[in-house]
Amino acid sequence: MIPAGFDYHRPAELDAAIGLLQEHGDEARVIAGGHSLVPMMKLRMAVLSHLVDLRDIPDLQGIEFGADSISLGAMVTQHELIAHAGLAEAVPLLREAALQIADPQVRYLGTLGGNVANGDPGNDMPGLMQCLDATYKVTGPDGSRQIRARDFYESAYFTARSDDEILTRITVPIPAAGTGYAYEKQKRKIGDYATAAAAVLVGEGSASIAMTNLADVPVWSAEAGAALAAGDREGAVSAALAAIDPQEDMRGPVEFKRHVAGVVLRRAIARALSRVAG
Amino acid sequence: MKDEVQSPEERSAGLKGMGCSRKRVEDVRFTQGKGNYVDDIKSDGMLFGDFVRSPYAHAKVVSINTAEALKVPGVLAVLTAKDLEPLGLHWMPTLAGDKQMVLADGKVLFQGQEVAFVVATDRYAAADGVEAVEVEYEELPVLTDPFEALKSDVVLREDLAGQSEGAHGPRKHHNHIFTWEQGDKDATEAVMAEADVVAEEMVYYHRTHPCPLETCGCVASMDKVTGKLTLYGTFQAPHAIRTVVSLISGIAEHNIRVISPDIGGGFGNKVGAYSGYVCSVVASIVTGKPVKWVEDRMDNLMSTAFARDYWMQGKISATKEGKITGLWCHTTADHGGFDACADPTKFPAGFMNICTGSYDIPSAYLAVDGVYTNKAPGGVAYRCSFRVTEAAYFIERMIEVLAIKLNMDAAELRRINFIRKDQFPYQSALGWEYDSGDYHTAWDKALAAVGYDDLRREQAQRLEDFKAGKTRKLMGIGLTHFTEIVGAGPVKNCDILGLGMFDSCEIRIHPTGSAIARLGTISQGQGHATTFAQIIASEIGLPADDITLEEGDTDTAPYGLGTYGSRSTPVAGAATAMAARKIRAKAQMIAAYLLEVHDGDVEWDVDRFVVKGDESRFKTMKEIAFASYNQAIPGLEPGLEAVSYYDPPNMTYPFGAYICVMEIDVDTGEHEVRQFYALDDCGTRINPMIIEGQVHGGATEGYAIAMGQEIAYDDMGNHKTATLMDFFLPTSWETPTYQTDHTVTPSPHHPIGAKGVGESPNVGSVPCFSNAVHDAFRPFGLTQSHMPHDHWRVWKIARDMGLHG
C-alpha cells in the first residue's frame, strides 16, 4: 500500500495547471480531495509521474449565488456543502445527499468536483447532479466549455472531459420554491458506496429521478421523471428500473440490487412528495 | 498519622483493589499518542522488509528473477526460499504440528502467500523492489471447498505425499489433516435411534478474521558484537516466540531477547509465528542491521491468521417434553494451505468438545476432520478460547432448531435442560469438568430484565400486523446462554510445542512500600497494568497506584505462555495472587517479630498486621517493607519479593445470558438492533469498568461477525474481502447500544475466584445476534440460514419465504 514515486505540483493558477497536464500528458493527473485517486495509487493501480494538486487555484473555490442558479467551485468540499446555510435553504437535496457520503473526516477533504469528475459509478454526486440538471464547466488549452451532467458520463471512469481539461465549476439550477426532494441511500455501513440510491425532485408538473451505483454510469431517466410529473409513481419506478444495469459484488447479487433499487426509489419518491410545499 | 484515624473501609477504598472501577493507567499514554507500538520503534540504520506475494491461490513457482529489483535504488537484498534453504529456514513448524513455507518453495498454496522478501533502506524502496521482482507461475487447479478437497485428485501438499500419519493420527486422504473424535459414538447414535425427536441441521460458522487495528509486525536486531538477537514484535506470547526462534534458528535462547511493546489488539491474530518474523531475523543476521517488517491491512487480511470456517453437521435428540438426550456433531474444518491453528497440542480442534454448552446432555459425540484447501492458514481463536465460539454457536443454533421441531419456546427449552447449580462440579459427556455455575438464576434475571413475555406478545402482534400488511418489519428475539471454557490450562493436558500452559508473576516490594510486578502475559488492550495491580493491592495492602506492572520483555519477565484464550486472569491472575500471598506470609513473620508476638498472634487487616485483640498494635505493609530491607529478623534473608508459576488445577467456566431484540426490514434486508442485554458471570469481578469495556468490545466484534464480517474467496481462490471497504468493521454508527448486567459465581479452584471475561461477549453475542435473525423468520418456516446476515442474505431469506409478494 505504498505508491510509486511521483512529482508533486501545486500551481496557483488554472493556466499553470492546464500547462502541466499538456506538458506531461498521460503521466499527469489532477488531484482534488484524493479519496479516490490516492487509494488507487497506493494499490499501484494508478501509476503516474506527476500529481497536480488543485487546492491553491482560486477559480475552483467558492459558492456563488446567481439569480436562478448557484455556481459551486470544483474544490468545494462536502463539508462546505453541508455547512453552507444558504445552500441548504436553496437546494436542500444537496445537503441531504452530502450528509450520506462517507463520514465527517472524509467530507472535510472530499470535494464536489472530485466526486463528479472521476466517473466512479459508486459516487453519489453524479446522479444527484443529473437529477438537478447541473452543468459542469471544464477548461482546457482551447478554453472553456459547458457540459450538462446528463451528457457527461460515458462509462465507468470515462467521461466527456478530455485528459487535458480540468473540471472547474458546477452550476446547479435552484429548484422552484416548494419542490419536494429526497436522497435515499442504502449502504452496508458508514463509508460505503451505495447498494442502491435514488435522488428525486418533484414539483408542480415536473419531476426528476436519478439513481446511483446501479449501472456503470449514474442513471437519470427522462421517462421516470415524466411519469412522476404526471403523478404515476409506479410508472416512474418501472421506467427507472428499466434503465438500471446493476452488477454483482460483495453488496449482493443482481436480483437483490434490482429489488432494493425499487424499494429505495419508492421511498425517495414518497419522501419527496411528502415535502412538496404550497 | 492520618491512616490511624481511617476506618478499614476507607483504607480499603484507598488501595483501589479488586472490585474498584479504577481508571486504566495505560490510557494516559494511549490517549495522548504516547504509546510505543512496534512501528514506533526506530533505530539508526534500520532497514525495511516487504513481501512479494502470490497473486494465485495454487500455482507452481517456475522461476523468480530478482535482478531488476536489486537495481532499484535502496534495495539491498531479495530473499527467496533458495536463500533460506541452506539455513533450514525455508519452512517452519506451525503450532499445530504441521510445517509451513516461510517463502514459496516451488509452489504457492494461497493468494497472498509470501514468495520473496525484499530488504531496503526504507519502506518506499522496499515497495518499489517488490514491484520489480519477476515471478513466473504455472497455475494449478484451485480447491476452495473443503468437501470437494476431500474428494479431489488434486494434491495440495506434495511435501506430505505418502504420509498416512499426521501430527494428530491417521490421514484419510492427501488433503486430509486429521480426525479428532470425542465422546461415545455408539452410545450417542443408540440414543438418537430411540429418541422421540431428533433435529438435524448443518450449521456453518463462516471464515472471518480477527483484524486487530494494529497489524502484525516486528523489528529484528542482531548485534554481531554480542551475538545477541533482540526481536520486538506484536507477540501475544513473547516467551514462546523466544523458544520457537531459538529452536528453529539454532541461536541459544539466552542470546535472544523478545520484547512485545504496546500492542494494538491481538484477538488471536498475533499468537502464531509468521514468515515476516523469520525473514526479518535472517535479514538482520545477514546485514547486521535492524530490520523492520510491518503488514499493511491487505497483508493482514490476506495472509495472517483467519478464524472459524467450521462446517458443523449436527443432530440433537430429545424426549417429546423437551429433555435433551443426545448431541452428535461432525465438523469439517477448513484449515487452508497449512495447519497453523494455534491450539494446545493435544487439541487439534481446540475446545470444540465444549459443544454441549450449558446443558445437561447425557450422551454426546464429536468428530472433527481438518482439511487442506487453497486458502490462507490460521484457524486461530478470534477472541475466544480455542474454538469455543464455534462450539457455542453450534449448540445455541441446535437448541433453536430443536425448539422449532418441538414447537416449544426456546427460553423454556433452555431452562429445562440447563445444568443445575447442585450438579457442579459437572462432568460433561465430552470430557470436561465444569467448575461452577448458576445458570437458572442468570437466565431468570435476564428474561426478567428484558421483559421477555411482553417482548413475545409484542412480537406476536407484529406478526399479525405484518400479515395484515400494516408493516414491512419483522421482530426477532435472539436468545443465548453460553458457557465458556477458558484459562488454558492445566499442564497435565495443555501445552504448546511441549511448553506447559502455566503462567507466572514476580513481585518485588521496594523499601518505601511501592512495588513492581512482572508477568508472563502481555496486554494487547486488556488493561493488565490496571487490573493486576488491583489484585496485588487487595492481597498485600499497598495502593494499586504504587504498583508498576511490566510485561512483554523476556529478559526481565518470568516465563509464561502469554495472553489469548481469556487465560491471563485465570492463570497469570492466579499466579499474581499466589505470589502476593507468599509476600504476605513473609510480611506476617516480620510483623510478628517487630510486634514481639508469635506469628499466629497477628492477623491481616486490609493493609497491616494487627495483634489479635489489640488494634492499637500493628505494622502496616509499608512499615514492613522498609523493615525487610534491614535485618528484620536475624537469620532471615533480606528483601520482600516472590515469584509464582501457577499451574491451574482446572479450566474456568465463565457463562452468560444474552438477549437481543432486532427489527428486520424484509424488503431491504436491513436490520436495527433495538436492544442488546448482556449478563456475564465471570466469577469474582476485579474491575467492573474494564469488564464492561470488554463486553462492549467483544459484543461489537460479535455483531460484526454475525451481521456482515467475512473472509470470502471466489472459485479461483481470489480473496474478495481484503480491504475494510468489504471486510466489515462497524463504526460507532453501526454499533448497537449495550445493556450490561452480571451475576457472580466464583470459581472454586481459582485463588481469587475469577474466571476471565475478555472473550465471553464474542462467544455469546454471535449466536445471540444470529438467533434474533432466525427468530424473526421462524413463523415462516426458517430453521437455518448461514451467517453473515448481511443485507442481501437476509433479503434472500425473505425472498425464499415468499415475503416479497
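Numbers restart at 1 for each chain; the letters A, B, ... are given by sequence-line order, proteins then strands. Just so it is clear, the values below take in all heavy atoms, side chains as well, and ignore hydrogens, waters and symmetry mates. Note that the structure is predicted; figures quoted are calculated from it, not measured.
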Heavy-atom pairs under 4.5 Å with chain A - which of Leu724(B), Thr731(B), Asp726(B), Asp50(B) has more of them than the others?
Asp726(B)
So, do His791(B) and Gln186(A) sit near enough that their side-chain heavy atoms are less than 4.5 Å apart?
yes
Which atoms of Ala126(B) approach chain A - backbone, side chain, both or neither, heavy atom under 4.5 Å:
neither
Residues, nucleotides or ligands: over 12 heavy atoms within 6.0 Å of Asp103(A) CG:
yes
What distance do Ile190(A) atom CD1 and Thr735(B) atom OG1 have between them, rounded to the nearest 0.5 Å?
11.0 Å
Do you know which of Leu729(B), Val130(B), Asp667(B) has the most heavy-atom pairs under 4.5 Å to chain A?
Asp667(B)
Around Met716(B), counting heavy atoms of other residues, nucleotides and ligands shown, do more than 12 lie under 6.0 Å from its CE?
no
At a heavy-atom distance under 4.5 Å, which candidate from Arg793(B), Lys796(B), His804(B) has the highest pair count against chain A?
His804(B)
Do the side chains of Met250(A) and Lys720(B) get nearer than 4.5 Å, heavy atoms only?
yes
Whatever's closer than 4.5 Å to a heavy atom in chain B on Arg267(A) counts as side chain
Working note: Arg799(B) + Glu255(A), criterion salt bridge (charged side-chain N to carboxylate O under 4.0 Å, His left out); need CA distance, chi angles, decisive distance, verdict.
CA-CA 10 Å; Arg799(B) 157 123 317 187; Glu255(A) 188 193 9; 2.7 Å; yes
Okay, Met298(B) and chain A: the region with an atom under 4.5 Å from a heavy atom over there is side chain
Does CZ belonging to Phe780(B) count more than 12 external heavy atoms closer than 6.0 Å?
yes
With a 4.5 angstrom heavy-atom cut-off, is it the side chain or the backbone of Lys42(A) that approaches chain B, or both, or neither?
neither
Look up atom CG in Asp192(A) and atom CZ in Phe728(B), then write down how far apart they are to the nearest 0.5 Å.
10.0 Å
So, do Asp790(B) and Arg188(A) sit near enough that their side-chain heavy atoms are less than 4.5 Å apart?
no
Side chain, backbone, both or neither: which part of Asp299(B) has an atom under 4.5 Å from a heavy atom of chain A?
neither
Part of Thr721(B) within contact of chain A (heavy atom distance under 4.5 Å):
side chain
I need the residue from Arg472(B), Arg123(B), Glu710(B), Glu734(B) with the largest number of non-hydrogen atom pairs under 4.5 Å to chain A.
Glu734(B)
Heavy-atom side-chain contact between Arg44(A) and Asp128(B) under 4.5 Å:
yes
Look up atom CG in Asp122(B) and atom CD1 in Ile2(A), then write down how far apart they are to the nearest 0.5 Å.
8.0 Å
Apply side chain to side chain contact (heavy atoms under 4.5 Å, CB included) to the pair Tyr193(A) and Met725(B), showing each step before the final yes or no.
CA-CA 9 Å; Tyr193(A) 294 118; Met725(B) 177 62 88; 3.6 Å; yes
Closest non-hydrogen atom pair between Thr668(B) and Phe256(A), with its separation:
O-CE1, 3.6 Å
Apply side chain to side chain contact (heavy atoms under 4.5 Å, CB included) to the pair Trp733(B) and Lys189(A), showing each step before the final yes or no.
CA-CA 8 Å; Trp733(B) 188 265; Lys189(A) 61 172 177 179; over 6 Å; no
Separation between NE2 (His259(A)) and CH2 (Trp795(B)), nearest 0.5 Å, reads 6.5 Å
